[in-house]
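Not measured: the values here are computed from a predicted model.
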Protein chains: 2
Amino acid sequence: MFQALADPSRRIMVERLSRGPASVSELARPLTMSLPAVVQHLQVLEASGLVRSEKVGRVRTCHIDWAALKTAEDWMLERRKNWELRLDRLGDFLAEQEKG
Amino acid sequence: MFQALADPSRRIMVERLSRGPASVSELARPLTMSLPAVVQHLQVLEASGLVRSEKVGRVRTCHIDWAALKTAEDWMLERRKNWELRLDRLGDFLAEQEKG
DNA sequence: TGATTGGTTAAGCATATACTTAAGTATTGC
DNA sequence: GCAATACTTAAGTATATGCTTAACCAATCA
């Protein structure tokens, strides 16, 4: 997931998809690269679980899997919470010191 | 930043640092690779701004830059908010339809 | 039916990444 | 001072990544 978000082009694609579903060529429009390259990025995003797509007729429509995005967000939140807990315990300890 | 978090070894390092500062060899302990490899990962983390370190005597002490971690978290939150806003507008639209 | 649109497959290539080992350089403890 | 500790530097290598072009397939439309 972080791997998938590591590339700037892929982040542009995710950014676009965060505003709603889009076809492959719509995703390609703002990017200065060939269509196959865009499809390869799309494959990375799909493999990571961040994006899903269905093909209807000849157009493939892509959209974000919001639960997956939240997973990455939560990982970081978890680290931050860990830290805040630590600060709290330090605070308690210092308060104990004060009293004692 | 996402690039930095893309590697599992580096995430282990960040995980460790989220529990408090650590020296280079402490960071290396759980990892099955040479010390220079760990230092290279550390350089990536520092370059991304996620981690900082100071050397005192012969030991380098590393710690997370929490503001930087929050930046990545916020990027994802921003995408989610975008989406929720869209859902809200859709909701409003449907409510309008209902009324009209 | 034949051109166009939208996407896919395959092959190849240049650069980046994630390591390795070997050989340093400072501190610190005895 | 001498050894151990805690890195640091340098050089090399294998694999992964991010592209490219060329050729292909399948749905649409004039």
Side-chain angles (χ1 to χ4, degrees), chain A residues 1-65 68-69 72 75-76, chain B residues 1-65 68-69 72 75-76:
Chain A
M1 288 242 347
F2 287 115
Q3 182 63 270
L5 288 172
D7 184 87
S9 302
R10 284 197 293 266
R11 278 199 302 276
I12 289 173
M13 292 168 75
V14 168
E15 179 115 52
R16 169 63 191 81
L17 290 175
S18 80
R19 293 195 290 273
S23 71
V24 174
S25 24
E26 271 180 299
L27 287 180
R29 194 137 32 221
L31 302 172
T32 61
M33 65 179 75
S34 68
L35 200 66
V38 173
V39 172
Q40 281 166 37
H41 280 307
L42 188 57
Q43 280 163 1
V44 174
L45 286 170
E46 293 210 51
S48 81
L50 263 175
V51 168
R52 302 228 223 142
S53 71
E54 299 86 35
K55 195 167 181 174
V56 174
R58 63 183 171 182
V59 36
R60 176 173 294 281
T61 305
C62 315
H63 58 93
I64 292 191
D65 184 328
L69 186 63
W75 186 89
M76 296 194 267
Chain B
M1 287 243 346
F2 286 115
Q3 182 64 271
L5 288 172
D7 184 87
S9 303
R10 285 198 291 266
R11 278 199 302 275
I12 290 175
M13 292 170 75
V14 168
E15 178 114 53
R16 169 63 191 82
L17 289 175
S18 79
R19 293 196 291 274
S23 71
V24 174
S25 25
E26 271 180 297
L27 288 179
R29 194 138 31 220
L31 302 172
T32 62
M33 65 179 76
S34 67
L35 199 67
V38 173
V39 173
Q40 281 165 38
H41 280 305
L42 187 59
Q43 281 163 1
V44 173
L45 286 169
E46 293 210 52
S48 80
L50 263 175
V51 169
R52 303 229 223 142
S53 72
E54 300 85 36
K55 194 165 184 176
V56 175
R58 63 184 169 180
V59 33
R60 174 172 296 280
T61 303
C62 313
H63 57 95
I64 292 191
D65 183 328
L69 186 63
W75 186 88
M76 296 195 267

Nucleotide N/O to protein N/O under 3.5 Å, stretch nucleotides 20-23 of chain C:
unit_1: C:dT20; atom_1: OP2; unit_2: B:S34; atom_2: N; d: 2.9
unit_1: C:dT20; atom_1: OP2; unit_2: B:S34; atom_2: OG; d: 2.7
unit_1: C:dT20; atom_1: O4; unit_2: B:Q40; atom_2: NE2; d: 3.1

Tabulate below the donor-acceptor pairs under 3.5 Å that side-chain atoms of residues 20-27 of chain B make, not counting sequence neighbours, or state none.
unit_1: B:S23; atom_1: OG; unit_2: B:E26; atom_2: N; d: 3.2
unit_1: B:E26; atom_1: OE1; unit_2: B:S23; atom_2: N; d: 3.0

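For C:dG7, one of the phosphate oxygens OP1 or OP2 lies less than 4.0 angstrom from a side-chain nitrogen or oxygen of A:S25. For A:H41 and D:dT17, the shortest distance from a side-chain N or O to OP1 or OP2 is not below 4.0 Å. At D:dG18, none of the side-chain N or O atoms of A:S9 fall inside 4.0 Å of OP1 or OP2 (strictly under the cut-off).
Between A:V24 and A:Q3, the residue anchored closer to the 5' end of DNA chain C is A:V24, taking for each the nucleotide with the nearest heavy atom.
Every side chain to side chain contact (heavy atoms under 4.5 Å, CB included) that B:S18 has, sequence neighbours left out, goes to A:R79, A:N82, B:I64, B:W66. Applying the side chain to side chain donor-acceptor pair (under 3.5 Å) criterion to A:R52, with sequence neighbours excluded, gives A:D65. Taking the side chain to side chain contact (heavy atoms under 4.5 Å, CB included) definition, one finds that A:A37 meets it with A:M33, A:S34, sequence neighbours left out. Residues meeting the side chain to side chain donor-acceptor pair (under 3.5 Å) test with B:R60, sequence neighbours left out: B:S53.
When every heavy atom of B:C62 is checked against every heavy atom of B:V51, the shortest pair comes out as CB-CG1, 4.1 Å. Looking at every heavy atom in both residues, B:A72 comes nearest to B:M1 through CB-CE, 3.2 Å. Residues A:A68 and A:G49 come closest through the heavy atom pair CB-O, 3.4 Å.
Residue pairs satisfying the ring-ring contact (aromatic ring centres under 6.0 Å, His included) criterion with at least one member in residues 3-59 of chain A, sequence neighbours excluded, are absent. Every pair tested for salt bridge (charged side-chain N to carboxylate O under 4.0 Å, His left out) that includes a residue from residues 31-44 of chain B fails, sequence neighbours excluded, so the list is empty.
A straight line from CG of A:L42 to C1' of C:dT9 spans 15 Å, rounded to a whole angstrom. The CD atom of A:Q43 sits 14 Å away from the P atom of D:dC19 (whole-angstrom rounding). When the C1' atom of C:dT15 is taken as reference, atom CG of A:D7 falls 14 Å away, rounded to whole Å.
Here A:Q3 contributes atom CD and B:L5 contributes atom CG; the two are 11.0 Å apart, rounded to the nearest 0.5 Å.
For the segment residues 11-21 of chain A, the set of residues with a heavy atom within less than 4.0 Å of an atom of DNA chain C is empty. DNA chain C lies under 4.0 Å from at least one heavy atom of each of the following residues of residues 53-60 of chain A: A:K55, A:R58, A:V59, A:R60.
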